[in-house]
Amino acid sequence: EVQLQASGGGLVQAGGSLRLACVASGLTFDGYSVGWFREVPGKEREGVSAIRISDTSTYYSDSVKGRFTISFNNAKNTAFLQMNSLEPDDTAVYYCATIPPGYYSGTYLSPAFVERWGQGTQVTVSS
């Protein structure tokens, strides 16, 4: 069974940092893009960052650019999201997901093109 396991969420004060991890089982990320999305109650799920595994090109939403860094460890088959300078508006459930090959980069932050979702991990930033 293919699974994406996200971890690393928690409670942090504004200005703090967290690192999320997404491990795949039953699947290698090779050939895919991996994205991080977040969702708060009453709002649509939004993409915050993605990485194309084939060439490690990275993509960020304007809201997190300069604060978040996405990376990938091939040996561990794990994608990471380093989140620095966290703000209360970053509070959300964060999901990792795979985007299959063949889509152009403009789709990577759109939930509509996700092939597989992981379970969420809660990030709470206090003011």
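- The OG atom of Ser33 sits 11.0 Å away from the CD atom of Glu115 when rounded to the nearest 0.5 Å.
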Handout entry: Residues Phe37, Cys96; criterion side-chain contact (heavy atoms from CB on, under 4.5 Å); working and verdict
Key = CA-CA 6 Å; Phe37 297 76; Cys96 64; over 6 Å; no
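- Of the inter-residue distances, the one linking Ser63 atom OG with Glu46 atom CD reads 5.0 Å to the nearest 0.5 angstrom.
- Of all heavy-atom pairs spanning Gln119 and Tyr95, the tightest one is C-CD2, 3.9 Å.
- Considering only heavy atoms from C-beta on, Val34 stays 4.5 Å or farther from Ile99 through its side chain.
- The aromatic ring centroids of Tyr59 and Tyr108 lie less than 6.0 Å from each other.
- Between the side chain of Thr121 and the backbone N or O of Gly9 there is at least one donor-acceptor pair closer than 3.5 Å.
- Arg67 and Ser85 get closest at one heavy-atom pair: NH1-O, 3.0 Å.
- For Trp36 and Phe68, the distance between ring centers is not under 6.0 angstrom.
- A donor-acceptor contact shorter than 3.5 Å is absent between the side chain of Thr56 and the backbone of Ile53.
- Within 6.0 Å of CG in Asp55 there are more than 12 heavy atoms belonging to other residues, nucleotides or ligands.
- Hydrophobic cluster membership differs between Ile51 and Phe80, with clusters built from Ile, Leu, Val, Met, Phe, Trp and Tyr side chains linked at under 4.5 angstrom.
- For the pair Ser105 and Arg52, the tightest heavy-atom approach, listed with the atom from each and the gap, is CB-NH1, 4.1 Å.
- Taking the ring centre of Tyr94 as origin, the terminal cationic atom of Arg38 falls outside the region bounded by 6.0 Å and 45° from the ring axis.
- Between the Thr107 side chain and the Tyr104 main chain, a donor and an acceptor come within less than 3.5 Å of each other.
- Test Val125, Val123, Asp90, Val12 against Met83 for side-chain contact (heavy atoms from CB on, under 4.5 Å) and you get one pass: Val123.
- Across all non-hydrogen atoms, the minimal contact from Ala92 to Val40 is CB-CG1, 3.5 Å.
- Gln82 has its side chain out of reach of Leu20: every pair of non-hydrogen atoms, C-beta onward, lies at least 4.5 Å apart.
- Note on Ile70: it does not cluster hydrophobically with Leu109, by side-chain heavy-atom contacts below 4.5 Å among ILVMFWY residues.
- Looking at Thr69, Val48, Leu81, Leu86 one by one, the single match for side-chain contact (heavy atoms from CB on, under 4.5 Å) with Val64 turns out to be Val48.
- Shown here for Ser17 and Asn84, the closest heavy-atom pair between the two residues is OG-OD1, 2.9 Å.
- At a threshold of 4.5 Å between non-hydrogen side-chain atoms, the residues Lys76 and Val23 do not count as touching.
- Listed here is the closest heavy atom pair of Phe72 and Thr78: CD1-O, 3.4 Å.
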Problem - Verdict with supporting geometry, Arg116 and Leu4, side-chain contact (heavy atoms from CB on, under 4.5 Å) - result: CA-CA 8 Å; Arg116 180 174 290 107; Leu4 299 176; 4.2 Å; yes
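- With contacts defined as side-chain heavy-atom distances shorter than 4.5 Å, the pair Leu27/Thr98 qualifies.
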Handout entry: Verdict with supporting geometry, Gln122 and Thr124, side chain to side chain donor-acceptor pair (under 3.5 Å)
Key = CA-CA 6 Å; Gln122 176 70 48; Thr124 303; 3.3 Å; yes
